[in-house]
There are 2 protein chains.
Amino acid sequence: MILTKTTEYAVRVLIFMAHEERGLFTARYVHERLRIPYKYLTRIMTDLAKQGYLESIRGRAGGFRFQKNLNKITLIKIIEAVEATDGFDKCILGLEDCSDENPCALHFVWEKTKKEFMKNLSNTTLADLVSIEIKKF
Amino acid sequence: MILTKTTEYAVRVLIFMAHEERGLFTARYVHERLRIPYKYLTRIMTDLAKQGYLESIRGRAGGFRFQKNLNKITLIKIIEAVEATDGFDKCILGLEDCSDENPCALHFVWEKTKKEFMKNLSNTTLADLVSIEIKKF
DNA sequence: CATAAATACTACACAAAAGTAGTATTTTTA
DNA sequence: TAAAAATACTACTTTTGTGTAGTATTTATG
Ligand code: SF4
Ligand code: SF4
């Protein structure tokens, strides 16, 4: 859980692209490096392009590249762009009328962690992640 | 996300049972109070019984009750008991050979939050949750 | 002993996510 | 201008989680 496979792929692709200096990334190249199912991958990348994160160039010398600055793309934005479910702010129990005054039994166990998690996702941009030395994607 | 529906139900049922003083809980009663699909619920409760969390009494005056002390049942145990996936310790990206020395790009974003979350789930028992005043389950 | 009311079991139906297949379209290049 | 190589689109298949249906088994009680 935590993330759907689709979201996981999207995040991995973008982080990979952010790390590697390269003008254009073809889906085939990303597929070969990340071993994400090719057709599935193209759908995700096309989707990211439609949502303004990537620019897609069609035709023989085509491919994908970033459309926005890396420091403008936060993790939470990526997640929300591809996650099918209605917003990632979903709770551990999906109950109604939630607040500190009307909590479910898990509210105080979960709320703090959730806030921290969401804060991390909101504050971390792809630019932040580039500085980390990574050997796997 | 976060938890599957099945796990959510299991957690809600046990928290509900922990809060209400009552010798025996029939599945029908829990169903009426928590509006969890009846047949689905019986499967989950039967499952929890097989795994040693609940005791099941069959026959006309039957039902379920706790088999262990409430302070012996942690949230993480409940989750692991019913979650289909192989262990809830799953990561945000499901990569191989993970460590601080061989991290993926999200490792340092996720690891801290995850540890905190897991610690909460591991340390919180149903007994801890009983003390909280709850109006919804 | 028969009925009622509970859990236990098995098989199927439905829905959403994940993955696959085939084709259309665009653009470079020989 | 035709072939090659890329993205775009549409539809289908598979898998998994969720939910439903029907029946068997157990046990209290009239
Ligand atoms: S943890 Fe808080 S926000 Fe989530 S369902 Fe419970 S009360 Fe609502
Ligand atoms: S966050 Fe850490 S544990 Fe998770 S996949 Fe990345 S390296 Fe592995």
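Here the structure is a predicted model, which is why all the values come from computation and not from measurement.
In this structure, A:Ser56 reaches the D:dA8 phosphate: one of its side-chain N or O atoms is under 4.0 Å from OP1 or OP2. Between B:Tyr9 and D:dG17 there is no side-chain polar atom (N or O) within less than 4.0 angstrom of OP1 or OP2. A sub-4.0 Å separation between OP1 or OP2 of C:dA5 and a side-chain N or O of B:Thr26 is absent.
The distance between atom CZ of B:Arg60 and atom P of C:dA8, rounded to the nearest whole Å, is 18 Å. Between A:Arg58 atom CZ and C:dT28 atom P there is a gap of 12 Å when expressed in whole angstrom units. The distance from atom CG of B:Leu41 to atom P of D:dA21 is 16 Å, rounded to the nearest whole Å. Note: CZ (A:Arg28) to P (D:dA8) measures 14 Å, nearest angstrom. One atom, OH of A:Tyr40, and another, C1' of D:dA8, lie 17 Å apart when rounded to the nearest Å. Rounded to whole Å, the distance from CE on B:Met45 to P on C:dA8 is 10 Å. If you take CZ of B:Phe64 and P of D:dT27, they are 14 Å apart, rounded to a whole angstrom. Distance B:Leu48 CG to C:dT7 C1': 14 Å, rounded to the nearest Å.
Counting only N and O atoms by type, the side chains of A:Tyr40 and A:Thr6 include a donor and acceptor under 3.5 Å apart. In summary, the side chains of B:Glu20 and B:Tyr29 do present a donor paired with an acceptor at a separation below 3.5 Å, with no hydrogens or angles considered. If you check the side chains of A:Asp128 and A:Thr125, you find a donor sitting under 3.5 Å from an acceptor.
The two atoms that bring B:Ala105 and A:Ile15 nearest to each other are CB-CG2, 3.2 Å, heavy atoms only.
With hydrogens and angles left out, the side chain of B:Arg43 and the base of D:dG19 share a donor-acceptor pair within 3.5 Å.
Nucleic acid contact for A:Tyr29: none, since no nucleic acid atom lies under 4.0 Å from a heavy atom of the residue. Residue A:Ala27 is in sugar-phosphate contact alone, with no base atom involved, counting any heavy-atom pair closer than 4.0 Å across all strands shown.
In terms of position along DNA chain D, the nucleotide closest to A:Ala49 lies nearer the 5' end than the nucleotide closest to the other residue of the pair A:Ala49 and B:Tyr38. Along DNA chain C, the nucleotide nearest to A:Ile57 and the one nearest to A:Thr6 differ in position, and the one closer to the 5' end is contacted by A:Thr6.
Distances were taken from every side-chain heavy atom of A:Lys5 (C-beta onward) to each of D:dA3, C:dG19, D:dA8; the shortest belongs to C:dG19. Candidate nucleotides C:dA18, C:dG19, D:dG17 were compared by shortest atom distance to the side chain of B:Thr4, and D:dG17 ranks first. Of the candidate nucleotides D:dC9, D:dA5, C:dT7, D:dC9 has the atom lying nearest to any side-chain atom of A:Lys50.
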B:Arg12/B:Glu8 under salt bridge (charged side-chain N to carboxylate O under 4.0 Å, His left out): CA gap, chis, key distance, verdict: CA-CA 6 Å; B:Arg12 284 176 57 204; B:Glu8 180 196 310; 3.5 Å; yes
